[in-house]
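Please read all numbers here as calculations on a predicted model, not as lab measurements. Proteins come first, then strands; the chains are lettered A, B, ... in the order of their sequence lines, and each starts at number 1. Worth knowing before you read on, the calculation uses all heavy atoms, side chains too, and leaves out hydrogens, waters and symmetry mates.
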Amino acid sequence: MIVNSHENVIEVEGLTNFHPQHIFECGQAFRWNWDGKGYIGVVADKVVRIVWDDKVLFIENANLDDFFTIWLDYFDLETDYGEITNVLSEDPMVREAIKYGWGIRILKQDPWEALVSFIISANNGIKRIKTIIERLSCRFGKEVLWQGQKYYTFPDIDALADADQAELKDCGCGYRGPYIKETAKLIREGQVDLSLLKTMSYKEAQKQLLKCPGVGPKVADCVLLFSLDKSQAFPIDVWVKRIMETLYADELRYSNGIRSFAEDRFGVYAGYAQQYLFYYAREMKIGK
DNA sequence: CCTCAGGGCTCTC
DNA sequence: GAGAGCCCTGAG
């Protein structure tokens, strides 16, 4: 991996297993949007555009300092996905799924943003999730300008802890409004300390997250996988449930549920396997 | 126009 | 542990 920079654009060469569409449209993050040239996203207080030409990754509006403090980690560029896909390919089902979802990377998002985002995700479609998060950011976040366009940071904890229910409702949160506000208050009061969760075990961190209203096993697993480096998390949504019951019907008959089966089968790579399977299920419209 | 499902959770029994 | 109900919106 060779990194260069000029005129506020980072160029990363020698990268493999990087497919922007699969990364940004697999439902792990909700603030990346295609603008005709690349994917524009807001991470912390930075707006960047990601352009990929099959050889070089361009990160526009970023300097070298940002690259090493933010983007290297955010895009999980130091993880060897070749090794992960090799190991997972021992399972013929996942090997097939990887054909469709190759180039996925698990983004290392901010835990607070991931927590709120996946509370919103409950019983909701990706399109509406994105709309709600944009409205929340627009109303409660801070404005960031880039190339004459306005973007908004994700709301901080105080902003949502102090939000009016009516405002949350206006943003389209529906019945999740109270969950968001109560979760924000719980974190502000220190009853759940997100900064400690990375150093905890998967099970301990999961237990903490489950204290938050609106957070059940699926949402907790998403937060653990997408923001807390818990690669053994295996979020089971309707898509993953369907694809697992389709692909592993026989094995599941003799196992103690999907979660337990995935843990045994995929181990610490369960989260990666889940991403390939989720993408595969949606592409193939399994069960539809 | 209608019905239904969507990266589920909470509450009740 | 099983089941109903849930804000709202896009898809059919």
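- Checked against Glu25(A) for a side-chain hydrogen bond (donor to acceptor under 3.5 Å, both in side chains), the options Tyr39(A), Trp34(A), Trp32(A) give a single hit: Tyr39(A).
- Comparing Val215(A) and Ile129(A) by the nucleotide of DNA chain B that holds the closest heavy atom to each, the one mapping nearer the 5' end is Ile129(A).
- Look at CG on Asp170(A): it is 13 Å from C1' on dC8(C), rounded to the nearest Å.
- Nearest to the side chain of Lys127(A), among dC9(B), dA11(C), dG6(B), sits dA11(C).
- As rounded to whole Å, 15 Å separates atom P of dG8(B) from atom CD1 of Ile180(A).
- Rounded to an integer number of Å, the gap from Gln165(A) CD to dC7(C) P is 12 Å.
- Listed nucleotides: dC9(B), dG6(B), dC7(C). Nearest to the side chain of Lys169(A): dC7(C).
- The pair Lys218(A)-Asp221(A) fails the salt-bridge criterion, with no side-chain N (NZ, NE, NH1 or NH2) lying under 4.0 Å from an Asp/Glu carboxylate O.
- Between Lys207(A) and Glu204(A), none of the side-chain N atoms (NZ, or NE/NH1/NH2) sits under 4.0 Å from a carboxylate O, so this pair counts as no salt bridge.
- Counting any heavy atom pair closer than 4.0 Å across all strands shown, Arg176(A) reaches a base atom.
- Of the N and O atoms on the side chains of Tyr248(A) and Asp91(A), at least one donor lies less than 3.5 Å from an acceptor on the other residue.
- Using cut-offs of 30° and 60° for the angle between ring planes, the Tyr74(A) and Trp71(A) rings count as perpendicular.
- Distance Lys130(A) NZ to dT9(C) C1': 16 Å, rounded to the nearest Å.
- Comparing Arg128(A) and Cys212(A) by the nucleotide of DNA chain B that holds the closest heavy atom to each, the one mapping nearer the 5' end is Arg128(A).
- Rounded to a whole angstrom, the distance from the P atom of dC1(B) to that of dC7(C) is 23 Å.
- Rounded to whole Å, atom C1' of dC9(B) lies 16 Å from atom NZ of Lys241(A).
- Between the base of dG8(B) and the side chain of Tyr179(A) there is no donor-acceptor pair shorter than 3.5 Å.
- Asn124(A) has its CG atom 9 Å from the C1' atom of dC7(C), to the nearest Å.
- dC7(C): no Watson-Crick or G-U partner with both key distances under 3.5 Å is found in any strand.
- Taking side-chain N and O atoms only, Arg242(A) has no distance below 4.0 Å to OP1 or OP2 of dA5(B).
- If you measure from atom CD of Glu182(A) to atom P of dT10(B), you get 12 Å, rounded to the nearest angstrom.
- Here Gly27(A) lies in heavy-atom contact (under 4.0 Å) with a base.
- Cys26(A) comes within contact range of at least one nucleobase, with a heavy-atom separation under 4.0 Å.
- Atom CG in Asn123(A) sits roughly 15 Å away from atom P in dC4(B) (whole-Å rounding).
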